[in-house]
Protein chains: 2
Amino acid sequence: MKHQVTIKDIARKLGVSTSTVSRALKDHPDISVKTREAVKELANILGYKPNMIALNLKHSRTNTIGVLVPEVEHYFFSSVLNGVEEVAYKNNFSVMVFQSNESYMREVLIAQNFLTNRVDGVLASFSKNTHDFSHFKQIIENEIPLVFFDRERGELHADSVIVDDYSGAYHAVSHLISKGSRRIAFYSAPEHLVLGKNRLEGYKAALEDHGITYNPELVYSCDTFDEAEKISRSILKKHDRPDAIFAVNDLTAIGAMKVAKKLGLRVPDDIRFVGFENSRSSWICEPELTTVDQFGFELGKEATGLLLARIKLNTFEYEVERRMMKTQVVVRGTT
Amino acid sequence: MKHQVTIKDIARKLGVSTSTVSRALKDHPDISVKTREAVKELANILGYKPNMIALNLKHSRTNTIGVLVPEVEHYFFSSVLNGVEEVAYKNNFSVMVFQSNESYMREVLIAQNFLTNRVDGVLASFSKNTHDFSHFKQIIENEIPLVFFDRERGELHADSVIVDDYSGAYHAVSHLISKGSRRIAFYSAPEHLVLGKNRLEGYKAALEDHGITYNPELVYSCDTFDEAEKISRSILKKHDRPDAIFAVNDLTAIGAMKVAKKLGLRVPDDIRFVGFENSRSSWICEPELTTVDQFGFELGKEATGLLLARIKLNTFEYEVERRMMKTQVVVRGTT
DNA sequence: CAAATGTGCGCACAAAGTTACGGAAAATTC
DNA sequence: GAATTTTCCGTAACTTTGTGCGCACATTTG
């Protein structure tokens with residue numbers, strides 16, 4: 001890397017002090033118009049760019065927020081990211097994105113990284129395999145504002161912005177029932193994720209409200225395409241197979257549907273499917289998938305707005321907030 | 001943000017100087033074992049973390065590489081990103097990811113950001129709408145190593161790691177011909193992207209090598225799902241419709257296939273499809289899409305390895321390299 | 001016992017930029 | 001013409017960490 005043009009270079013060439021250059025560039029009234037113009041002109045010619053690192057050191061802030069995300073490959077998370085960037089850029093903040101790849105180890109390293117890089121705030125969606133939260137506690141102990149999104153953890157001093165999983169699941173299942181389904185299977189996320197529990201509750205409530213007894217045997221732990229392909233084969237071959245499957249995300253629903261079609265089942269006549277995400281994939285598969293829109297973009301904007309507000313507060317004495325994003329059932333060909 | 005624990009805090013509490021603390025933490029032999037132990041113990045208790053910002057300022061490097069990417073939502077780019085992170089983390093580099101969203105304006109801002117944040121190197125895949133490259137020239141003028149990936153620009157002092165678009169297209173089209181297709185349409189990216197030109201050349205070469213005359217009327221500028229849905233309607237209704245479509249990416253191919261199926265055409269009997277990407281979507285659609293695997297993960301690793309080597313070189317006097325990644329035709333149901 | 005060597009640690013400065021304070025020269029006032 | 005104010009700019013301190021140099025004291029050597 002070449003020697004970057006500094007305020008010193010300008011000062012030397014003009015025969016003035018660095019403080020004069022600094023003030024001239026910021027239109028400080030103490031500096032004469034002549035000097036100011038000269039400084040600005042030379043700064044332009046030399047291509048001077050203020051060194052953010054020095055500024056950050058002085059102000060002990062970086063104007064950077066760190067984002068921890070399981071995998072950007074998921075449509076939901078990449079749409080959240082778009083929302084995050086939208087708001088961050090408007091407020092002159094940079095965004096550092098880190099993927100945990102659903103690995104606890106990597107997540108801990110990333111949290112360390114946030115501390116050593118002194119990010120001003122953190123947006124985090126922890127991995128499925130995270131059961132110990134001391135790395136987040138460290139961030140909180142350093143009084144760096146932390147906002148969880150999508151996946152939350154109640155007992156920490158951290159805000160959270162999450163999808164209204166309960167009502168999303170409730171409406172999705174109600175929709176299936178209104179179409180005539182009675183034996184509705186649920187492919188669920190691990191229950192230690194609050195979202196898994198909430199969706200299960202929504203699922204149960206919808207059943208009960210429509211006079212259907214909850215049957216725990218219809219609930220499976222399965223949240224990827226591959227797993228869905230694997231377990232669906234045996235599930236769908238049974239004579240008392242479900243007449244609908246509600247899955248925790250779109251790809252899981254699509255994986256199950258693929259198996260159903262291979263087994264000769266007609267969608268939606270023999271079996272219905274509902275996903276959760278409203279991803280690109282949901283209108284690529286055939287028939288197009290009925291799904292619950294999670295409004296990731298809006299969630300990203302909301303979470304970032306909240307985080308920036310916390311950062312600007314400049315105190316850590318705030319009441320933790322928990323915001324819930326609306327969802328919407330998008331009805332398509334699979335129901 | 002709370003006052004972070006600094007080397008000074010430790011020094012004050014122990015009644016020694018900051019330099020002693022600094023050396024003690026780095027096992028400098030000048031420091032007595034007793035002092036060293038005391039320092040380390042207190043550092044642990046207080047939760048001391050070295051301030052990277054100060055270190056960066058001192059060393060004028062940040063151990064950070066900036067990545068400019070059109071959209072992480074694309075499978076190809078997110079898989080590249082995974083490769084980038086893999087290599088970067090292993091070498092103790094952080095990765096800052098920025099999306100241009102195919103917007104030239106945003107790209108220029110991001111390039112500025114790279115400069116003010118003094119990243120040590122840049123990986124970039126510029127937007128489709130970028131025709132002026134002065135923002136990249138600025139990066140180069142500052143002697144910050146720059147590696148283009150996927151999309152390249154020859155005349156700049158920047159390495160590039162790209163997909164072998166020519167041979168990918170050549171083999172894809174040859175495969176279609178071997179299956180019996182003769183009127184093969186090409187849904188192409190804008191030609192000012194080198195990759196668009198190269199794939200067109202590969203397409204032409206494959207046709208000619210198999211004795212088929214190149215017909216420019218079968219080449220369309222179309223590289224998104226939506227556009228494909230729009231233009232395919234009229235194209236496929238013609239009596240001299242193509243008997244195969246080779247598309248610049250998977251989603252475009254899938255969009256076209258969707259229209260074909262709606263028009264009652266049987267895939268692959270009436271019309272064949274080949275995409276380019278080997279994305280998740282390619283095995284979600286039905287029939288599963290034959291496509292050209294771009295090996296994004298490997299490309300990301302390769303590009304990052306090259307960039308890190310440039311950074312370590314510590315001089316800007318190197319011969320620019322141009323690396324080509326192999327591709328592979330993945331045959332599935334659409335051909 | 002003096003000189004030479006070794007040990008352990010602090011001072012000062014470096015990185016780039018901001019800013020309180022002070023001081024010299026010019027402009028104004030009486 | 002002297003006193004005061006204003007204008008304009010420089011000095012030095014400050015953010016955190018690392019390091020060359022040197023100082024003070026202790027130990028070893030002749």
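Computed over heavy atoms, backbone and side chain alike; hydrogens, waters and symmetry mates excluded. Nothing here was measured: the structure is a model prediction, and the numbers come from that model.
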Original post:
So does A:Arg23 reach the base of C:dG17 with its side chain, donor to acceptor, closer than 3.5 Å?
Top reply: no
Original post:
Expressed in angstrom and rounded to an integer, what is the separation of B:Leu14 atom CG from C:dG8 atom P?
Top reply: 17 Å
**OP:** Starting from the C-alpha separation in whole Å, work towards a yes-or-no answer on side chain to side chain donor-acceptor pair (under 3.5 Å) for B:Glu107 and B:Thr130.
**Re:** CA-CA 8 Å; B:Glu107 193 172 293; B:Thr130 299; 3.0 Å; yes
Original post:
Parallel, tilted or perpendicular for A:Phe98 and B:Tyr89, by the 30°/60° rule?
Top reply: parallel
**OP:** Answer yes if the ring centres of B:Tyr104 and B:His135 are under 6.0 angstrom apart, and no otherwise.
**Re:** yes
Subject >> Short N-O contact, A:Glu141 and A:Lys137, less than 4.0 angstrom >> reply: no
Original post:
A:Asp30 has an atom CG; how far is it from atom C1' of C:dA24, in whole Å?
Top reply: 14 Å
Subject >> Spacing of A:Arg12 atom CZ relative to C:dA16 atom C1', expressed in whole Å >> reply: 13 Å
**OP:** Examine C:dG17: is either OP1 or OP2 under 4.0 Å from a nitrogen or oxygen in the side chain of A:Tyr48? Give yes or no.
**Re:** yes
**OP:** Taking only Lys NZ, Arg NE, NH1 and NH2, and the carboxylate oxygens of Asp or Glu, determine whether A:Lys40 and A:Asp27 approach each other closer than 4.0 Å.
**Re:** yes
**OP:** Answer with base, sugar-phosphate or nothing: what part of the nucleic acid does B:Asn51 contact at a heavy-atom distance below 4.0 Å?
**Re:** sugar-phosphate
Original post:
With respect to the phosphate group of C:dA15, does any side-chain polar atom (N or O) of A:Lys8 fall under 4.0 Å of OP1 or OP2?
Top reply: yes
Original post:
So, is A:Lys34 close to the D:dC8 phosphate, meaning a side-chain N or O under 4.0 Å from OP1 or OP2?
Top reply: no
Original post:
Is any side-chain nitrogen or oxygen of A:Thr35 closer than 4.0 Å to OP1 or OP2 of D:dC9?
Top reply: yes
Original post:
Can you find a donor-acceptor pair, distance only, under 3.5 Å between B:Ser17 side chain and C:dC11 base?
Top reply: no
Subject >> Nearest-Å distance for atom pair NE2/P, residues A:His59 and D:dT15 >> reply: 13 Å
Subject >> Phosphate OP1/OP2 of C:dC13 contacted by B:Lys58 side-chain N/O (<4.0 Å) >> reply: no
Subject >> Nearest-Å distance for atom pair NZ/P, residues B:Lys26 and C:dC9 >> reply: 18 Å
Original post:
When we call it a touch if two heavy atoms are under 4.0 Å apart, what does A:Leu55 touch: a base, just sugar-phosphate, or nothing?
Top reply: sugar-phosphate
Subject >> Any B:Ser22 side-chain nitrogen or oxygen under 4.0 Å from OP1 or OP2 of D:dG18 >> reply: yes
**OP:** Please determine if B:Arg310 forms a cation-pi arrangement with B:Tyr318, meaning its NZ or CZ atom is less than 6.0 Å from the six-membered ring centre and no more than 45° off the ring axis.
**Re:** yes
Original post:
With a 4.0 Å cut-off on heavy atoms, is B:Val21 in touch with a base, just the backbone sugar-phosphate, or nothing at all?
Top reply: nothing
**OP:** Would you kindly give the CZ-to-P distance between A:Arg118 and D:dT17, to the nearest whole Å?
**Re:** 7 Å
**OP:** Check whether any side-chain N or O of B:Ser32 sits under 4.0 Å from OP1 or OP2 of C:dC9, and answer yes or no.
**Re:** yes
Subject >> OP1 or OP2 of C:dC9 under 4.0 Å from side-chain N/O of B:Thr20 >> reply: no
**OP:** Take atom CD1 of A:Ile31 and atom C1' of D:dT7, then tell me their distance rounded to the nearest Å.
**Re:** 10 Å
Original post:
Are B:Thr6 and D:dT15 close enough that a side-chain N or O sits under 4.0 Å from OP1 or OP2?
Top reply: no
**OP:** Figure out the CG/C1' separation between A:Leu25 and C:dT19, and round it to whole Å.
**Re:** 15 Å
